[in-house]
Number of protein chains: 2
Amino acid sequence: MSADLTIGRVAEAAGCKVQTVRYYEQIGMIPAPPRTSGNQRIYDESAVHRLTFIRHARELGFPLQAIRDLISLSDHPDQSCAAADGIAKAQLGEVNRRIQSLIALRGELEHMIEQCKGGKVKDCRVIEVLSDHSLCETDAHDAAAPMAHPPSAG
Amino acid sequence: MSADLTIGRVAEAAGCKVQTVRYYEQIGMIPAPPRTSGNQRIYDESAVHRLTFIRHARELGFPLQAIRDLISLSDHPDQSCAAADGIAKAQLGEVNRRIQSLIALRGELEHMIEQCKGGKVKDCRVIEVLSDHSLCETDAHDAAAPMAHPPSAG
DNA sequence: CTTGAACCTATAGTTACTGTAGCTCTTATG
DNA sequence: CATAAGAGCTACAGTAACTATAGGTTCAAG
């Protein structure tokens, strides 16, 4: 194992695009790998591992900066867990809120798919639900979201 | 009701930024409102309603294009529900996947917060979990996510 | 009637990619 | 060994969905 891998191979193995791998290198999310004599990047399994880590974290809504922090923590496993704990706590409330919203939406989506067979839009509850303030747990005033750009969920 | 509202008022009522309201107007998500003699926008309650709708949908991961579709459906409530149904179905699988991932992460976050009191990073399971392929339901190969840019959750 | 907050337009910056152009390198096949 | 397809390279532009800033105007309170 740890065989030499091209960028295409790592990207495929990690489930991301080739450009994304290069982009992550550019912004320092992954280390720059060695190159062949012809200037092509060569990776080993550890790159797949790290990219998979990043992808999972992105899919779960961590911004790249938080993932960067997590990576730097995992690179120094003997330091205190407090920082990781802080990141986790900051994420937990957000995760819970998202789960609540998504579960509410799922119910409405299912309801709608069930009911709307041949019906008219005025009977659809999705639109109503999305307009409805009662689903709003958070106060309208503090809507400036703390979590930057969650990714597309894979 | 339907009192005249400034852009600041609607933004506050709908839970978004003033710039965001202007941006939505610019890209046609909301209609351009009338102006005062001094060129300032004047809204009524319907703008708050629509903006709230948009915010909810965005928080739940709908891309603006899908919301645009939903809005155009709700503007024509007598047409067939089939299109809304299609949008809902397309969204449902995605919603379910996100819920699964988030619940898995929540467990790990809680576990970590519980365990890591004064511990070391090497005992933290978040990092391990995020690196772990077993959490991956989707095949690594089809990672190009179908849902564009979910927003920051409020 | 002044002052300061809120408004206006226009433009640039942000995050996290994704796509394109125009080239070079590698590899399979004749 | 030649060659052509396919993968890689750099550099830069574009996308989504905002967010911030600059520099000016309008409105409402004192």
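First the proteins, then the strands, lettered A, B, ... as listed; each starts at 1.
Between B:Thr6 and C:dC7, a side-chain N or O to OP1/OP2 separation shorter than 4.0 Å is present. Look at B:Arg35 and you'll find a side-chain N or O under 4.0 angstrom from OP1 or OP2 of C:dT9. Distances shorter than 4.0 Å separate some side-chain N or O of A:Arg41 from OP1 or OP2 on D:dT10. Proximity of A:Lys17 to the phosphate of C:dG19: a side-chain N or O atom is located under 4.0 Å from OP1 or OP2. Contact check, A:Tyr24 against C:dC17: a side-chain N or O comes under 4.0 Å of OP1 or OP2. For the pair B:Thr20 and D:dA17, the criterion of a side-chain N or O lying under 4.0 Å from OP1 or OP2 is not met.
Considering only the side chain of B:Pro63, D:dA17 comes nearest among C:dA16, D:dA17, C:dC25. Closest to the side chain of A:Tyr23, from the set C:dC8, D:dC9, C:dT18, is C:dT18. When distances are taken from the side chain of B:Ser37 to each of D:dC27, D:dT19, D:dC9, the shortest belongs to D:dC27.
Side chain of A:Arg55 to main chain of A:Ala14: a donor-acceptor pair is present (N/O by atom type, distance under 3.5 Å, no hydrogens or angles).
The distance between atom CG of B:Asp4 and atom P of C:dA6, rounded to the nearest whole Å, is 19 Å. For the pair B:Arg22 CZ and C:dC7 C1', the interatomic distance rounds to 7 Å; values are reported in whole Å. Look at CG on B:Leu5: it is 13 Å from P on D:dA28, rounded to the nearest Å. Nucleotide D:dC18 holds its P atom 12 Å from the CD atom of B:Gln19, rounded to whole Å. Rounded to whole angstrom, the span from the CD1 atom of B:Ile27 across to the C1' atom of D:dA16 amounts to 9 Å. One atom, CD of B:Gln26, and another, P of C:dC8, lie 13 Å apart when rounded to the nearest Å. Taking atom CG of A:Leu64 as the reference point, atom P of C:dT18 lies 11 Å away to the nearest angstrom. The distance between atom CD of A:Glu12 and atom P of D:dG6, rounded to the nearest whole Å, is 16 Å.
Of the two residues contacting DNA chain C, namely A:Gly38 and A:Arg68, the nearest-nucleotide position lying further toward the 5' end is that of A:Arg68.
Residue A:Glu25 comes nearest to A:Ala32 through the heavy atom pair OE2-CB, 3.6 Å, listed as atom of the first residue, atom of the second, then distance. Looking at every heavy atom in both residues, B:Gly8 comes nearest to B:Val18 through CA-CG2, 3.8 Å.
Both B:Ile67 and B:Tyr23 are members of a single hydrophobic cluster when ILVMFWY side chains are connected at heavy-atom separations under 4.5 Å.
The residue B:Ile7 sits close only to the backbone: its heavy atoms come under 4.0 Å of sugar-phosphate atoms, none of a base.
Separation of atoms CE (B:Met29) and CD (B:Gln65) is listed at 8.0 Å; rounding is to 0.5 Å.
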